[in-house]
> 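Attaching a single structure in structure tokens format; questions to follow.
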Amino acid sequence: MSAITAPRGTRDILPQESWKWSFIVNSAAETMKNFGFSEIHLPIFEHTELFSRGVGETTDIVEKEMYTFNDRGGRSITLRPEATAGVMRAAIENNLCAQGASVKLWNWGPMFRHERPQKGRYRQFYQIDAECLGIADAMADVEVIALSIELFRRLGLKNLEVVINSVGCEKCRPVYRQKLVEYFTAHIDELCPTCVDRLGRNPLRILDCKNESCGHAADGAPDIFDSLCDECREHFEKVRGGLERLGFNYTLSKRLVRGLDYYTKTAYEILSGDLGAQNAVAGGGRYDNLSKAIGGGKIPGVGFACGLDRVALVMEEQGCSFGKRPGTSVYCVALDEESRGDVQVLTHKLRMSGLSAECDTSGRGFKSQMRSAGACKFACIIGNDERKSGTVAVKNLSDGEQVSIPIEEAVTFINEKLKNSETLV
RNA sequence: GUGAGUGUAGCGCAAUUUGGUUAGAGCUUCGGAUUGUGGUUCCGGCGGUUGAGGGUUCAAGUCCCUUCACUCACCCCA
């Protein structure tokens with residue numbers, strides 16, 4: 001019988017990597033706090049309708065990427081493929097935006113999409129997500145974009161490109177959509193089969209196609225900027241003005257069409273050249289119709305999601321700092337069999353005092369215990385002599401200096417020593 | 001879902017131009033180097049039904065088929 005492995009597209013984040021993830025999430029949490037976002041914990045599965053109605057029936061996500069199943073009560077349940085719909089659902093359900101109130105929420109965790117895995121893409125992947133609900137003004141868009149940029153700035157990511165576009169609203173998008181249909185129908189022989197299909201269902205997505213011939217056809221397509229209604233045009237100008245006031249560089253791209261139906265007005269992505277084919281580290285925009293689509297009142301929103309797996313990948317690629325990996329400060333060593341008990345007691349007392357302390361629990365010999373201690377700052381050694389005299393030998397492993405001190409003073413002694421060495425570092 | 005590439009010890013690898021005896025070192029790990037002192041050095045031990053199944057052959061890690069997994073790309077996105 002062969003050993004069971006993790007399902008395709010999933011993976012274990014092992015200790016050598018997990019501490020780096022903690023660094024990223026902690027840094028993000030701090031940034032969120034600075035921007036006034038509160039953390040929200042959400043279910044990982046939701047009713048399927050939340051996504052089919054919220055994200056959109058004709059999107060790739062809903063059409064072919066969702067993990068959907070019936071639970072034991074016969075309800076159709078879906079593992080969340082993205083976070084925004086869930087956040088909006090929670091806001092509606094808990095009246096967070098009642099009477100025109102607004103909230104800023106963030107969260108992080110796993111998302112699920114059934115796609116073929118490749119570099120930077122997994123079936124269970126992780127996102128850091130921020131949503132600003134209840135505010136229609138373009139200043140909120142600017143704040144959200146600024147937040148995502150600041151997130152990456154703090155983590156030390158380099159060579160990022162911010163790409164923005166406006167996808168219009170329910171008033172002007174249909175007009176533009178019609179223009180596109182007319183244009184692409186005239187160029188239908190240049191389109192790939194999937195885009196021919198898109199023509200009837202979601203013509204905006206043709207603009208996004210990377211197929212060479214489609215791209216060529218798209219070059220001559222009507223410009224969305226020419227179709228934007230006054231409100232959308234003004235909104236877009238305000239977003240751009242805000243970004244410029246904050247000193248951010250960005251690229252305009254009329255080709256940027258988010259794959260999710262709920263976007264209105266602002267759409268943006270942050271791209272990295274160090275990711276291979278999957279080059280987006282974050283993406284987001286405004287979604288003023290999402291709330292109504294899932295049965296809520298009129299709640300405008302703007303937000304973004306950032307791929308944790310991808311951020312970690314880029315940071316690794318660019319040699320960014322993850323801070324210091326947590327290690328053990330003190331290793332307690334037993335010289336003989338009889339001392340093992342005392343060593344465990346001392347280790348526990350050191351731990352209770354707030355230090356990272358370790359001792360051997362597997363019966364290894366003195367020499368190998370000392371080898372393990374080599375990676376720590378201090379070794380506490382107890383043998384026959386120490387037990388007799390009620391002392392412990394405390395050895396500073398960086399300079400080799402060793403002192404014998406009464407066992408009851410050991411914990412305070414080492415705490416003092418470590419405090420001093422911390423300040424020296 | 002489609003295509004290409006790759007599967008040998010815990011890890012990263014090797015195994016002679018077109019098959020040839022008992023599949024090898026390195027790192028890690030564990031133990032030891034005159035009786036109680038570490039990251040260096042030296043010696044030694046553990047560790048593999050070569051992804052799995054089938055086939056060709058006197059003989060398969062090596063060739064063929066099937067299957068599974070991983071990787072990259074298409075698609076799409078975080």
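Letters A, B, ... mirror the listed sequences (proteins, then strands); counts begin at 1.
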> For B:rG61 versus B:rG1, give the span between their C1' atoms, rounded off to a whole number of Å.
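The same atom, C1', in both gives a distance of 33 Å.
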> Among B:rU37, B:rG36, B:rA78, find the nucleotide with the atom closest to the side chain of A:M370.
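Nearest nucleotide to the side chain: B:rU37.
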> Of the nucleotides B:rA78, B:rG38, B:rC75, which one has an atom closest to the side chain of A:Q278?
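Minimum distance to the A:Q278 side chain belongs to B:rC75.
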> Paired stems touching RNA chain B, three or more consecutive Watson-Crick or G-U pairs with both distances under 3.5 Å?
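Only these stems qualify: B:1-7 with B:68-74, B:29-33 with B:41-45, B:51-55 with B:63-67.
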> May I have the distance from A:I206 (atom CD1) to B:rC75 (atom C1'), rounded to whole angstrom?
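Result: 15 Å.
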> Determine the Euclidean distance between corresponding P atoms of B:rG54 and B:rA59; express it in Å to zero decimal places.
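Approximately 16 Å lies between the P atom of B:rA59 and that of B:rG54.
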> Side chains of residues 270-278 of chain A: which donor-acceptor pairs under 3.5 Å do they make with residues two or more places apart or in other chains?
unit_1: A:S272; atom_1: OG; unit_2: A:D274; atom_2: N; d: 3.1
unit_1: A:D274; atom_1: OD2; unit_2: A:Q318; atom_2: NE2; d: 2.7

> Compare the minimum distances between each of B:rU71, B:rC77, B:rU37 and the side chain of A:F366, then state the nucleotide with the smallest one.
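From the listed options, B:rU37 comes nearest.
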> Determine the interatomic distance between P on B:rU49 and the same-named atom on B:rA23; round to the nearest Å.
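12 Å, rounded to whole Å.
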> Which protein N or O atoms sit under 3.5 Å from an N or O of nucleotides 27-30 of chain B?
unit_1: B:rC30; atom_1: OP1; unit_2: A:R364; atom_2: NE; d: 3.1
unit_1: B:rC30; atom_1: OP1; unit_2: A:R364; atom_2: NH2; d: 3.1

> Nearest to the side chain of A:A277 - B:rG38, B:rA78, B:rA73?
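For A:A277, the side-chain atoms sit closest to B:rA73.
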> Any side-chain N or O of A:Q118 below 4.0 angstrom from OP1/OP2 of B:rA73?
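For B:rA73, OP1/OP2 do have a side-chain N/O of A:Q118 under 4.0 Å.
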> Mind checking side-chain contact (heavy atoms from CB on, under 4.5 Å) for A:T48 and listing every partner two or more places apart, or none if nothing turns up?
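Partners of A:T48 under the side-chain contact (heavy atoms from CB on, under 4.5 Å) test: A:M66, A:T68, A:S76, A:T78.
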> Nearest nucleotide by nearest heavy atom, which residue falls closer to the 5' end of RNA chain B, A:A280 or A:K119?
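Its nearest nucleotide lies further toward 5', so the answer is A:K119.
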> Where the side chain of A:R121 is concerned, which of B:rU37, B:rC75, B:rA73 is the nearest nucleotide?
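Of the options given, the side chain of A:R121 lies nearest B:rC75.
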> Decide yes or no on ring pair (Phe, Tyr, Trp, His ring centres under 6.0 Å) for A:F225 and A:F236, but give the supporting numbers first.
CA-CA 10 Å; A:F225 299 138; A:F236 194 47; 5.6 Å; yes
> Please encode protein proximity along nucleotides 3-9 of chain B as a string of B, S and -, counting only heavy-atom distances under 4.0 Å.
B------
> Hey, could you give me each pair passing salt bridge (Lys or Arg N to Asp or Glu O under 4.0 Å) that has a residue in residues 390-408 of chain A? Not counting sequence neighbours.
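The answer is none; no pair qualifies.
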> Would you say A:Q402 reaches B:rU37's phosphate, i.e. side-chain N/O to OP1/OP2 under 4.0 Å?
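Checking B:rU37 against A:Q402, no side-chain N or O comes under 4.0 Å of OP1 or OP2.
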> Tell me whether the rings of A:Y67 and A:H114 are parallel (<30°), tilted (30 to 60°) or perpendicular (>60°).
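Rings of A:Y67 and A:H114: tilted, 30 to 60°.
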> Nearest to the A:R113 side chain among B:rG36, B:rC70, B:rA78, which nucleotide is it?
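Among the listed nucleotides, the one closest to the side chain of A:R113 is B:rA78.
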> To the side chain of A:K64, which of B:rC70, B:rC77, B:rC75 is closest?
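Looking only at side-chain atoms, A:K64 lies closest to B:rC75.
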> When you check the gap from the basic side-chain N to the acidic O, do A:D360 and A:R371 get nearer than 4.0 Å?
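Salt bridge: no.
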